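Below you'll find the structure, written out as structure tokens, and then a few comments.
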Amino acid sequence: MPSLLPGPVKSVDSIRLALFTWPEVEVYLKTSKAVILPIGSTEQHGPTGAIGTDALTAEAVALEVGRRTGVLVTPSQSFGMAEHHLGFAGTMSLQPSTLLAVLHDIFLSLASHGFERIFVINGHGGNIATAKAAFAQVYKTISSRDLPVAEKFQCKLANWFMAGSVFNAAKELYGDKEGQHATPSEIALTLFLEPTLVAKQYPLPEAAPAGPIYGANDFRKRYPDGRMGSDPFLAKPEHGATLLEKAALALSDDLGKFVSSK
Ligand code: NI
């Protein structure tokens with residue numbers, strides 16, 4: 001039987017795997033087989049956005065979902081597939097095949113200890129294809145090794161920025177200035193989480209319009225300052241608080257359904 005959600009906790013420290021001892025993890029597994037893995041990216045977010053935007057936001061949403069549901073949250077996988085951003089200083093990328101291998105091994109580790117439901121909270125569009133490929137790869141491994149969890153093991157990808165309520169709020173707040181990369185919605189969340197970033201914001205000229213993505217050199221030519229159709233100067237910390245609330249609400253609901261489904 002897939003377990004139900006353990007229920008809300010007072011402090012996020014109660015659900016951070018990094019602060020658990022191994023006997024505590026064993027106790028947790030008696031009450032829940034679910035775990036949340038935040039994945040992000042370490043990549044340029046335009047001239048005014050933090051390099052860690054996608055990792056900071058995914059982790060914040062994951063911890064808030066964990067606090068509301070009582071589900072354990074692992075340390076973040078803060079490096080993602082960001083090959084097309086490598087034309088900008090500070091970007092650190094895993095190739096798709098590397099990220100696939102990393103995620104596969106993380107999922108397999110969790111499965112080997114009896115976790116049956118892996119809820120991946122993602123902050124970066126570039127991770128989506130590879131995360132789904134890693135799901136397929138780990139299902140194959142688990143069934144070929146006949147692990148005890150084989151019959152029940154499932155992974156689910158939850159992209160916080162694509163949750164319906166978040167998407168709609170971003171449209172209302174920013175209209176077509178939301179754009180595709182270094183969006184005001186993700187920047188707003190970082191301003192809420194890390195107030196020192198507010199001082200780095202300044203008005204920017206119109207961004208290059210969003211379009212296709214190919215290699216790193218081509219990306220820099222098409223999108224010279226790193227933005228794709230966005231105006232991050234519209235971002236306000238209070239928007240970030242609202243977006244976090246909406247994301248946590250939507251994803252907690254998704255997690256509840258995922259954990260209790262067959
Ligand atoms: Ni981003």
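Positions are given from 1 along the sequence. Because the structure is predicted, anything quoted here is derived from the model rather than measured. Atoms within a ligand are numbered from 1 in the order they appear, just like the ligands themselves.
Within 6.0 Å of OH in Y139 there are more than 12 heavy atoms belonging to other residues, nucleotides or ligands.
Residue H181 is tested with H124, H85, H84 for a ring-ring contact (aromatic ring centres under 6.0 Å, His included); the sole match is H85.
Taken together through direct or relayed side-chain contacts under 4.5 Å among Ile, Leu, Val, Met, Phe, Trp and Tyr, M228 and I128 form parts of separate hydrophobic clusters.
Here E43 does not reach the Ni ion (ligand 1): none of its N/O/S atoms is less than 2.8 Å from the metal. Residue contact annotation: H45 places an N/O/S atom under 2.8 Å from the Ni ion (ligand 1).
Contact check on E245 versus R68 returns a salt bridge, with a Lys/Arg side-chain nitrogen under 4.0 Å from an Asp/Glu carboxylate oxygen.
Vertex the Ni ion (ligand 1), arms ending at OD1 of D54 and OE1 of E186: the angle is 90° after rounding to 10 degrees.
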